[in-house]
Amino acid sequence: MQPSADSLQIGNYIGALLQWRDLQTSYDAFFSVVDLHALTVEQNPAELREKTRRTAAQYIAAGIEPSKSTLYVQSHVRAHTELAWILSTITGFGEAGRMTQFKDKSARYGADKASVGLFTYPVLMAADILLYQTDVVPVGDDQKQHVELTRDLAERFNKRFGEAFTVPLPVIQKETARIYDLQDPTAKMSKSAESDAGVLWMLDEPAKTAKKIMRAVTDNEGSVRFDREAKPGVSNLLVIYAALTGRQIASIEDEYAGRGYGDFKKGLAEVVTGVFGPVRERALELLDDPAELDRILAENAAKADAVADRTLADVYDKVGLLRRV
Ligand code: AMP
């Protein structure tokens with residue numbers, strides 16, 4: 001994830017962190033706060049540094065264990081930019097230009113504001129993945145094209161220079177895990193939403209979170225029932241409820257049958273603050289001791305270095321760079 005906000009939102013938690021937390025028990029997992037990627041749009045330097053720490057703290061608070069997984073800051077591991085350079089030399093200009101995310105963003109910013117870094121973003125992402133001999137990449141649907149490019153680059157390199165990379169598979173997250181804005185339940189909940197009222201921030205005070213849930217947009221029908229088309233607001237709240245409790249939507253519908261939205265929202269507010277309360281406290285505790293947090297990140301960057309440097313040295317040899325003795 002990019003360190004692009006002071007706090008993550010509940011969509012990041014349900015759509016990404018919850019699944020990542022489970023993955024770390026069955027995989028040797030690498031999680032990174034991608035600060036170099038964040039530089040592709042203008043950042044305030046002091047804020048970027050702070051957001052990087054805050055994002056890492058929230059990963060840990062949400063259950064990513066730095067002793068079990070490798071949790072590091074992208075810029076701490078130099079091999080990322082070095083491998084990105086090598087990969088950029090085997091990436092076609094037209095090939096990179098076909099990435100829909102670049103096309104969308106450059107259309108939005110205009111040709112002069114869209115940087116070369118934004119253009120080569122998917123190549124850096126390919127390096128992020130290939131350095132660790134990655135088998136699977138859990139991504140949202142919007143990142144699928146970038147993982148396809150990563151696979152193409154790995155296959156191309158292996159064919160031209162000899163086997164250096166595992167060719168990774170994308171694992172696309174389930175669509176049911178998508179969380180929508182509480183005030184506009186047809187728009188994805190996002191760190192960059194225009195209005196704060198529709199976003200549940202992980203670091204918000206519990207009372208503020210409860211208030212936002214009580215004010216969430218619903219409909220006039222009055223029955224707690226899942227129907228994404230006709231009742232997007234209530235359906236979104238049901239998805240959040242189910243994701244955080246591990247319950248089936250039908251069982252939640254049963255529980256609230258014949259009761260109003262007020263009761264349902266109160267119940268949901270208890271669930272959300274019950275889960276986020278401890279996560280928030282743990283994150284704030286970690287942020288209270290930045291030296292300790294930095295130490296954890298440094299230790300994990302060293303773990304990442306050990307794997308990444310091995311891949312990079314092999315790549316340098318294979319492309320014919322003279323070894324420094
Ligand atoms: P972003 O904040 O858009 O950079 O996303 C970081 C991660 O959180 C990605 O894995 C996204 O798929 C996930 N994510 C972000 N917003 C949502 C949402 N509203 N619902 C589900 N997953 C989300």
Side-chain angles (χ1 to χ4, degrees), residues 1-24 29-41 43 48 51-52 54-59 61-64 69 71 73-74 100-102 104-105 108 118 121-122 124-125 128-129 134 136-147 150 168 170-204 209 212-213 216-217 228 232-233 235-244 272 275-276 279:
M1 255 187 249
Q2 286 193 33
S4 49
D6 283 334
S7 173
L8 299 179
Q9 40 90 7
I10 196 173
N12 298 133
Y13 183 81
I14 292 172
L17 286 170
L18 269 185
Q19 307 191 35
W20 296 352
R21 195 182 69 188
D22 289 345
L23 287 174
Q24 70 183 343
F30 288 77
F31 300 107
S32 151
V33 179
V34 289
D35 54 348
L36 294 171
H37 282 292
L39 289 178
T40 55
V41 295
Q43 300 283 345
L48 177 62
K51 286 173 181 172
T52 301
R54 291 177 82 91
T55 304
Q58 287 172 91
Y59 274 40
I64 303 294
S69 301
L71 165 60
V73 175
Q74 185 186 28
T100 54
Q101 194 169 70
F102 171 72
D104 291 350
K105 285 192 180 170
R108 209 179 318 146
L118 193 65
Y121 184 118
L124 179 58
M125 179 168 162
D128 298 341
I129 296 167
T134 303
V136 292
V137 194
V139 284
D141 207 34
D142 57 331
Q143 291 300 315
K144 201 172 155 208
Q145 195 187 25
H146 291 165
V147 181
T150 303
V171 175
I172 306 299
Q173 289 167 185
K174 296 168 295 223
E175 175 63 17
T176 48
R178 179 163 291 199
I179 306 303
Y180 295 87
D181 191 285
L182 298 190
Q183 290 301 319
D184 176 7
T186 55
K188 190 175 150 187
M189 189 181 285
S190 158
K191 284 183 279 191
S192 51
E194 272 172 29
S195 148
D196 183 68
V199 183
L200 295 179
W201 300 106
M202 279 173 59
L203 298 184
D204 265 353
T209 297
K212 285 182 181 173
I213 292 172
V217 164
R228 188 68 89 184
S235 301
N236 186 39
L237 299 180
L238 276 165
V239 169
I240 297 173
Y241 203 124
L244 294 185
V272 174
V275 171
F276 279 179
V279 172

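In this chain, numbering begins with 1 at the start of the sequence shown. Only heavy atoms go into these numbers, but all of them, side chains included; no hydrogens, no water, no symmetry mates. Ligands are counted one by one from 1 in listed order, and the atoms in each one are counted from 1 as well. Just so we're clear, the structure is a prediction, and the values are computed from it rather than from any experiment.
Where the criterion is an N or O separation shorter than 3.5 Å, residue side chain and backbone included, Gln9 meets it with respect to ligand 1. Of the polar atoms of Ile179, at least one N or O is found under 3.5 Å from an N or O of ligand 1, judged by distance alone. Below 3.5 Å of separation, one finds no N or O of Arg178 facing any N or O of ligand 1. Any N or O atom pair closer than 3.5 Å counts here, and Lys191 shares at least one such pair with ligand 1. An N or O contact shorter than 3.5 Å links Met189 to ligand 1 by distance.
Applying the 4.0 Å criterion to heavy atoms of Met1 picks out, from ligand 1, the atoms 6 (C), 7 (C). Using a 4.0 Å cut-off to heavy atoms of Ala16, the atoms of ligand 1 that qualify are 7 (C), 8 (O), 10 (O). Listed by atom number, the atoms of ligand 1 under 4.0 Å from Gly15 heavy atoms are 21 (C), 22 (N).
Residues satisfying the side-chain contact (heavy atoms from CB on, under 4.5 Å) test with Ala243, not counting sequence neighbours, are Ile14. Partners of Asp196 according to the salt bridge (charged side-chain N to carboxylate O under 4.0 Å, His left out) rule, which considers only residues two or more places apart in sequence or in another chain, are Lys212.
Of all the heavy atoms in Arg228 and Ser235, the pair that sits closest is N-OG, 3.5 Å.
Paired with Val275 under the rule side chain to side chain contact (heavy atoms under 4.5 Å, CB included), one option of Leu18, Leu244, Ile240, Ile10 passes, and it is Leu244.
Heavy-atom neighbours of Gln101 CD from other residues, nucleotides or ligands within 6.0 Å: above the threshold of 12.
Using a 4.0 Å heavy-atom cutoff, Asn12 is listed among the residues neighbouring ligand 1.
Between the OG atom of Ser190 and the CG atom of Asn12 there is a distance of 8.5 Å, given to the nearest 0.5 Å.
Side-chain atoms of Thr52 do not come within 3.5 Å of backbone N or O of Pro3 as any donor-acceptor pair.
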